[in-house]
Amino acid sequence: MKLYNTETKIKTEFVPINPEHVTMYVCGPTVYNYCHIGNFRPPVVFDVLARVLRAKYPKVTYVRNITDIDDKINAAAAEQGVSIAHISEKFTQAYHDDLAVLGVRDVDVEPKVTEHVTEIHQEIQSLIDRGYAYEAQGHVLFSVASYSDYGKLSKRDPEELLAGARVDVATYKKDSGDFVLWKPSDDDQPGWDSPWGRGRPGWHIECTAMAAKHLGDTIDIHGGGNDLVFPHHENERAQSTCSHGAKFVNYWLHNGLINMNQEKMSKSLGNVLLLKDLAKEIPGEVIRYILLSAHYRAPLDWSDDVIQQAKSSLERLYGALRKMVDVDVPSDIGNQIPRAFDDAMSDDLNTPKALAELFALAKQANTATSIDEQVTIKAAMMQSGQWLGLLQQDPEVWFSGDRDAAQADEIERLIVERAQAKADKNWARADEIRDRLSAKKVVLEDSANGTIWRIES
RNA sequence: GGCUCGAUGGCAGAGUGGUUAUGCAGCGGCCUGCAAAGCCGUGUACGCCGGUUCGACUCCGGCUCGAGCCUCCA
C-alpha cells in the first residue's frame, strides 16, 4: 500500500522493516479532561490503518500511549482537590468509553508515562552521554544546535529555531530552541528522584522512551494530528535519533484537524464539542462515518449539515444490508473485498473513495436478482465495512434506533393492525396509524414481504 | 513575518491532461391505494489572471482568499 510521508512530502509504497511484523506508534491523550471529537480523529484514522495493515501483514504491533504525567493534570487535581491518580484514571476511563462508542479497537500496547520513568531516565542519560543534552539549574535540556538534522521533519530553518526571539528565553538555556527533557519539581509538585534531582519529565521524552521500549529504535509508522508535527514530533525525532543512533521513523503520518466555524477545534480555543456529549445525540457510528468521509489529511469542517448527510448516507448502506438479512454468508467464503475498495484503501487510506465503492455495492445489492449474487455482495459489504469499522451492526438494530423492546412491540402491534386495515381497504384507518407512528418518528416502509419500520434520522 | 497545506456543482467530498466520481438535497418518471424505501433519468462544478499544450479543473508562474504550525494543543 502507499502512504504519504510528512517528512519526504511524497506518497510512497509502504515497505515495513520486517515484512512479518509492522510497528506503529500513535500519540495518545493527556488525561486531564474529556476529549472532543477532534481528539478522536487520530484514533479513528489509525484504527482504520491498523485494520488494513492487519489484513495485509501477519503481525502488527500498534502502540498508543496515555500521558498521565503532565502539569495540566496536576493543575486539574489541585483545582478539584483530588489526587493526580484520580484525575488520570477518571479520564483514561472516559477516553476508553468514548473509543468504544466510536468502534475503535483496542491497541496492542497502551503504555502509561508513570510506568516508564526508568526508561525516560535512561533515554535522558543516553542523550547526555552522547553530548546532545546538558544539565542546567536542575533541568536537563536537549541542545538543538548539537543535532544538524533538527527542523527537517517540520521544514523549519534550524537557524531560526536556534534564535527564536518570539518567546522569553529561560536563562538556563544555551539556545532558545533547546527544549526540556527533565525539569525540577517543587515540594508541592509530583516528582521522581533522578540523577539530576527530584523532578518530572519534559513534554516530549516520554514518547521516545515508550516507543523505543515497545517497538524498538526504528519504527515503521508514527502518527498523530498535524498540529503535533512541531514541536512534538520534531523533538521526538531528535531525541530518538540522537539517543539510539538510528533512524527513528520510516513513515510519518499526520491527519488534518477538525474545524468548528472555520477554526480549529481545540481546548485552548474553547470551541470544543465533547464526544460524550455528541454521543448522546447521534450514534457513534455516524460520528465515525463523518470522520472517515473526508480524506484523513484534509481538514474536516464540523456542522449539523454534515451530521444529517452522514445519517442519511449510512441509512442507504444499512438499507441495502437490511434487504439481505435472510441471505446467509458462508463463514468459509474467503476474501470478498472488491479490488476497487482495496485499491482505494491502499492508496494512502482514501476512505472517501472506498466509501464510494461501498455505495456501488449497495446499488448492486438493491438490484441483485439472485441469491448467489446477494451472497457475494453481502460478504463484500461486510468485509469492506470491517476495514472501515462500519456496518457491523445488525441492520434491524441500527434502524430501531433508540427504541426499546416494549416500544418495538407496540410498533409491531400497530403495523399488524394497519395491515388488517389495508386488507379491508380502510385507507383512512391505515393512514391514521401511519401518521400516528410518524409523529413518534417511526417511518413505515411497505414491501412485498410486509411492512418494516425505522426511526427517522 | 517565516514555514506548510488547501480553494471542485445547493451541501459534503474523490479524482483525472481529452470519457459518469460517490453520497445528501432537488427535479421528472417507475413502483405504491397514497406514501416511504428502491429503481431509472436529470445538473453546462472545478477561486482569479497569465503560460505550456491540438486540448487544462488537472502541468507551470503570479495573485486573491482560507486553514495549520512557529507557545500547551489530535
If you compare all heavy atoms of L361(A) against all heavy atoms of I377(A), which two are closest, and at what distance to 0.1 Å?
O-CG2, 3.5 Å
Please give the distance between the C1' atoms of A56(B) and G68(B) as a whole number of Å.
29 Å
For RNA chain B, whose closest nucleotide is more 5', that of A428(A) or that of P299(A)?
P299(A)
Please classify the nucleic acid contact of N39(A) as base, sugar-phosphate, or nothing, using heavy-atom distances under 4.0 Å.
base
Looking only at heavy atoms, the pair that brings Q386(A) and Q392(A) closest together is N-NE2, 3.1 Å
For RNA chain B, what is the dot-bracket line, given that a base pair needs Watson-Crick (N1 to N3, plus N6-O4 or O6-N4) or G-U wobble (N1-O2 and O6-N3) geometry with both distances under 3.5 Å, and | means paired with another strand?
(((((((..(((.....[...))).(((((.......)))))....(((((..]....))))))))))))....
Among G13(B), A74(B), C72(B), the one nearest L300(A) by side-chain distance
G13(B)
Let's see if you can work this out: which of C70(B), G33(B), C72(B) has an atom nearest to the side-chain heavy atoms of W203(A)?
C72(B)
Picking from C69(B), A35(B), A14(B), the nucleotide nearest the side-chain atoms of R156(A) would be C69(B)
Students often get this wrong, so: under 4.0 angstrom with heavy atoms, is K425(A) touching a base, only sugar-phosphate, or nothing?
nothing
Comparing nearest nucleotides in RNA chain B, the 5'-proximal residue of the pair W427(A), L228(A) is W427(A)
Could I get a table of every N or O pair under 3.5 Å where one atom is in the protein and the other is in nucleotides 23-25 of chain B?
from: G23(B); atom 1: O2'; to: S313(A); atom 2: OG; distance (Å): 2.2
from: G23(B); atom 1: N2; to: Q309(A); atom 2: OE1; distance (Å): 2.7

Sticking with atom C1', work out how far C59(B) lies from G15(B), rounded to a whole angstrom.
16 Å
Exactly one of L99(A), D47(A), V48(A) should register a side-chain contact (heavy atoms from CB on, under 4.5 Å) with R105(A). Which one does?
D47(A)
Could you tell me whether the side chain of R41(A) has a donor or acceptor atom within less than 3.5 Å of a complementary atom in the base of A74(B)?
no
Might you work through the salt bridge (charged side-chain N to carboxylate O under 4.0 Å, His left out) test for D98(A) and K276(A), ending with a clear yes or no?
CA-CA 7 Å; D98(A) 288 346; K276(A) 73 178 179 76; over 6 Å; no
G47(B) and C24(B), which share atom name P, separated by this distance in whole Å
25 Å
I need the CG-P distance between N65(A) and A74(B), as an integer number of Å.
11 Å
Minimum heavy-atom separation for G223(A) to F46(A), with atom names?
CA-CZ, 3.5 Å
Length of the line joining I73(A):CD1 and C73(B):C1', which is rounded to integer Å:
14 Å
When the C1' atoms of C65(B) and G51(B) are compared, how many Å lie between them, rounded to an integer?
22 Å
Spacing of W252(A) atom CH2 relative to C69(B) atom C1', expressed in whole Å
15 Å
Calculate the interatomic distance between I433(A) atom CD1 and C34(B) atom P; express it in whole Å.
19 Å
Could you tell me how far apart L153(A) (CG) and C70(B) (P) are, to the nearest whole angstrom?
14 Å
Under-4.0 Å salt bridge between R237(A) and E7(A):
yes
Have a look at V229(A) and say if it touches a base, only the backbone sugar-phosphate, or nothing, with a 4.0 Å heavy-atom cut-off.
nothing
Taking the side chain as C-beta and beyond, is there a heavy-atom pair between I452(A) and F399(A) under 4.5 Å?
no
In the structure I gave you, are the side-chain heavy atoms of I37(A) and W302(A) within less than 4.5 Å of one another anywhere?
yes
Closest of A36(B), G13(B), C69(B) to the P352(A) side chain is G13(B)
Heavy-atom nearest pair, H222(A) first then E236(A), reads CE1-OE1, 2.7 Å
Select base, sugar-phosphate, or nothing to describe what I258(A) touches, counting heavy atoms under 4.0 Å on all strands.
base
R403(A) side chain near K441(A) side chain, heavy-atom distance below 4.5 Å:
yes
Mind checking if L257(A) touches a base, just sugar-phosphate, or nothing, with heavy atoms under 4.0 Å?
base
May I have the distance from F399(A) (atom CZ) to G38(B) (atom C1'), rounded to whole angstrom?
12 Å
Between C60(B) and C69(B), how far is it from one C1' atom to the other, in whole Å?
27 Å
If only atom types and distance count, is the side chain of S293(A) paired as donor or acceptor with the main-chain N or O of I290(A) below 3.5 Å?
yes
RNA chain B contacts made by residues 366-392 of chain A, counting heavy atoms under 4.0 Å:
N366(A), T367(A)
Atom P, compared across A36(B) and G13(B): separation rounded to whole Å:
28 Å
Could you check whether the rings of Y147(A) and Y150(A) sit parallel, tilted or perpendicular, using 30° and 60° as the cut-offs?
perpendicular
Scan D431(A) against the nucleic acid and name what it touches under 4.0 Å (heavy atoms): base, sugar-phosphate only, or nothing.
base
What does G319(A) touch in the nucleic acid at a heavy-atom separation under 4.0 angstrom: a base, only the sugar-phosphate, or nothing?
nothing
Considering all heavy atoms, the nearest L228(A)-C27(A) contact
CD1-CB, 3.9 Å
When you get a sec, tell me which of C73(B), U22(B), A14(B) is the closest nucleotide to the side chain of H295(A)?
A14(B)
Between C39(B) and C57(B) - C1' atom distance, rounded Å:
32 Å
What is the nucleic acid contact for R429(A), judged by heavy atoms within less than 4.0 Å: base, sugar-phosphate only, or nothing?
nothing
Taking every heavy atom of L355(A) against every heavy atom of L292(A), the minimum-distance pair comes out as CD1-O, 3.7 Å
What is the distance, to the nearest angstrom, from the CD atom on E234(A) to the C1' atom on C3(B)?
12 Å
Could you please name the option among G33(B), U4(B), U22(B) that lies closest to any side-chain atom of K9(A)?
U4(B)
Same-atom distance (P) from G18(B) to G55(B), integer angstrom
14 Å
Which of the following nucleotides, A74(B), U71(B), A37(B), is nearest to the side chain of K323(A)?
A37(B)
Check the pair H214(A), Y25(A) against ring pair (Phe, Tyr, Trp, His ring centres under 6.0 Å), reporting the backbone distance first and the verdict last.
CA-CA 9 Å; H214(A) 298 285; Y25(A) 187 94; 8.8 Å; no
Remember a base hit wins even if backbone is also touched, and classify D71(A) as base, sugar-phosphate or nothing at under 4.0 Å, heavy atoms.
nothing
Taking any heavy-atom pair under 4.0 Å as a contact, classify K264(A): base, sugar-phosphate, or nothing.
base
